[in-house]
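Report on the structure given below.
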There are 2 protein chains.
Amino acid sequence: MKDIARHAGVSQSAVSFALNGRPGVSEGTRDRVRQVAEELGWRPSTAARQLSGEGAATVGFVLARPADTLGVDSFFLQLVSGIQEVLAERHLGLLFQVVEDVDDECAVYRRWWAEHRVDGVLVVDPRTADPRPDLLDQLGLPAVVIGGAPDERHPGLSTVWADDAGAMASVVDELYAHGHRRIVHIAGLPGLAHTERRIRTLRAEAERRSLSEVESVTTDYSDAEGAAVTRRVLGRPAPPTALIYDNDVMAVAGVATAAELGFSVPADVSVLSWEDSALCRMVKPWLSALSRDSVEFGRTAARELTALVDGGPARTVRVPVPQVIVRDSTGAARAPA
Amino acid sequence: MKDIARHAGVSQSAVSFALNGRPGVSEGTRDRVRQVAEELGWRPSTAARQLSGEGAATVGFVLARPADTLGVDSFFLQLVSGIQEVLAERHLGLLFQVVEDVDDECAVYRRWWAEHRVDGVLVVDPRTADPRPDLLDQLGLPAVVIGGAPDERHPGLSTVWADDAGAMASVVDELYAHGHRRIVHIAGLPGLAHTERRIRTLRAEAERRSLSEVESVTTDYSDAEGAAVTRRVLGRPAPPTALIYDNDVMAVAGVATAAELGFSVPADVSVLSWEDSALCRMVKPWLSALSRDSVEFGRTAARELTALVDGGPARTVRVPVPQVIVRDSTGAARAPA
DNA sequence: GCAAGAACCTAATGCGTATTAGCAACTAAT
DNA sequence: ATTAGTTGCTAATACGCATTAGGTTCTTGC
């Protein structure tokens, strides 16, 4: 800015006024200053800006996953892609970090906030008994929880969520209508809030219909566990007629395993993936799946966070319920022999 | 720091000396200051630090991909995971951005550097006729190119690369030894440096052996194009006996397509994936694949970047050649009828 | 023709840290 | 006993920007 001032023959203050659209400088001078700034390729130093009161112009995103679990997962890249779209408009940066577990994640939040590195954070994979909302509340770090249930205990946090429970209920409705009575839900990580929500809802729906042979089994989301559980439950004397997998990776592994065991999909067993992706159309039969717009999910979350950072109120917004895309892996239950 | 100084009864300078391990303060005072800082939960403001000469303590990573291409790709998350491991040790942040194309990517580099937001960047997906190395050279922005060939035209840039050409040569060796004479390489995006390297090497190897029915076809890496190309080449009067796919997604799509067309893998046609992931073990037969350690790739790149940022010389380091993991999708060519 | 006000600009200050220069008290060497 | 050197600290300054308080000229109203 000193250089610009010199080139334009004015003071640094005038330059600041001119470039920030403040009054106190004539239009002629303003244009001249702008032009010089342009020529010099000037951009304000974020550090200096931040030091004089502005925010860090950055939001944080922490992914707490062991490196080897990071494998095939289209959800996060799409989510991030949507987040970026919104952040880019406002020239906000995204500080990204991968850590091992939630404790490390908390440590990262503490550090980021103490160092004034971020203006807010996006929190994913909310859990039951999650230490993060308390911490964020205590720190006063603006945050949007992605995928959690509405949480009235932390009025400072925004929440963006999809109605997993409603989706599960309608899935069960559908399966029941097609004659399915024995259903196994190959769930994701225990402890994740949405895993527990789905499990609870499934149990409730089963009880409502007095179905005794309906259950959920938790896994680590890996193809290996997906296959193992599939093998186990299909090996029973009265195997399930419908399998609900909490992600696409396990669903694909499950279909392969079913085929090995001589089960035909969907004639012998229906398969539904709770995550839609290219994967679902890469196996035969194509997998029916619950589809959500992850990119839009990210956009919504980012919008909420920017609103929060700008001093807006915390809100709880619901994104559309995931829709079942019926492909070739689901059908009516085989009539009992 | 003002608070710490007050609590400890010394000047701010003393606090700075004490906390940064500088001489000019007694051990007693140093300990006292440290303790007060600890109690107050003090962490230096990165903005202020940066303003007084330190770097931004951040490196940048731009992914230039349309949102819908981001789908199933394990490579990047693993790469980033490795990068993070190294950066976390030194408390460096990773500023991440997804953009549409290389031009946008260049704009991001300009802005980041002008705003002093990053100390260096990691560049992925190098291309033929890539504008980025020139730009980075011109800007003086420290950078590590990941996956490019050694580039003596830009001595300021570090390069971390795998020997694709060597890997392709050995793959052809292997296939030739097993009797394959008609080989189709379903390549990735034209314009990507490693795509072109593989294509060139394949052609050279074919010429060396006077094989006329060897070719490469470029694609957009999608399962759709992978399937389409597979369908086309297997429909020929003399279909290839070996298919090399530049990623796992296309390989899987290719196997499914081959099965549809009545080709048995590997009896009628061998399939090799140039990317290993859980996907390769999710289809039958399990796919033989070229495997590389993407996490270690990321670590290496991050290490080179930190060295560069610390003022070290630019280097060109080679990571181990990808190894062929032989599974069930490759075998001897069927003897000509 | 003079005061009041507006328009345009400059000077000065602060943000939180690192660093340099300076200063006092004490120690070692001549 | 005086000087030179060392130790342990404080004061002052810079970093790049935003902002607030001043200051000059120009215009307007009576």
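Sequence lines set the chain letters: A, B, ... in the order given, protein chains first and strands last, and positions in each chain run from 1.
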Atom CG of Leu19(B) and atom C1' of dT19(C): how far apart are they, to the nearest Å?
15 Å

Would Glu296(B) and Arg303(B) pass as an ion pair if we require N to O under 4.0 Å?
yes

Using a heavy-atom cut-off of under 4.0 Å over every strand shown, decide if Ser13(B) touches base, sugar-phosphate, or nothing.
base

Nearest-angstrom distance from the residue atom CH2 of Trp42(B) to C1' of dG16(C)
9 Å

Hey, is the side chain of Ser16(A) poking within less than 4.0 Å of OP1 or OP2 on dA18(D), counting only N and O atoms?
yes

Among dC17(D), dT19(D), dT19(C), the one nearest Gln12(A) by side-chain distance
dC17(D)

Does the Arg30(A) side chain pair with the main chain of Phe17(A), one donor and one acceptor, at a distance under 3.5 Å?
yes

Expressed in angstrom and rounded to an integer, what is the separation of Glu27(B) atom CD from dC9(D) atom C1'?
15 Å

In whole angstroms, how far is the C1' atom of dG16(D) from the CD atom of Glu54(B)?
16 Å

How long is the line joining CE of Met1(B) and P of dG14(C), in whole Å?
17 Å

Nucleotide dC15(D), atom C1' - distance to CG of Leu51(A) in whole Å
9 Å

Give the rounded distance in Å between these two atoms: CZ of Phe17(A) and C1' of dA7(C).
13 Å

May I ask you to say what Gln50(B) touches in the nucleic acid, namely base, sugar-phosphate or nothing, with a heavy-atom cut-off under 4.0 Å?
nothing

Identify, between Val25(B) and Arg43(A), the residue whose nearest nucleotide on DNA chain D lies closer to the 5' end.
Val25(B)

Within the structure shown, what part of the strands sits under 4.0 Å from Ser26(B) by heavy-atom distance: base, sugar-phosphate, or nothing?
sugar-phosphate

Can you tell which of dT10(C), dG16(C), dA18(D) lies closest to the side chain of Ala48(B)?
dG16(C)

Ser52(B), nearest nucleotide to its side chain (from dT19(C), dC15(C), dC15(D))
dC15(D)

Cation-pi check, Arg65(B) to Phe76(B): give yes when NZ or CZ is under 6.0 Å from the six-membered ring centre and within 45° of the ring axis, no otherwise.
no

Identify the residue among Asp3(B), Leu19(B), Val33(B), Val36(B) that makes a side chain to side chain contact (heavy atoms under 4.5 Å, CB included) with Trp42(B).
Leu19(B)

With a cut-off of less than 4.0 Å, is there a side-chain N or O of Ser11(A) near OP1 or OP2 of dA11(C)?
no

Closer than 4.0 Å, any side-chain N/O of Arg49(B) to the OP1 or OP2 of dA18(C)?
yes

Mind checking Gly24(B) for me? I need base, sugar-phosphate or nothing, with any heavy atom below 4.0 Å counting as a touch.
base

Report the distance from atom CG of Asp31(B) to atom P of dG8(D), rounded to the nearest whole Å.
13 Å

Presence of salt bridge, Arg90(B) and Asp310(B), under 4.0 angstrom
yes

Ignoring backbone atoms, test whether Arg22(A) places a side-chain nitrogen or oxygen under 4.0 Å from the OP1 or OP2 oxygen of dT19(D).
yes

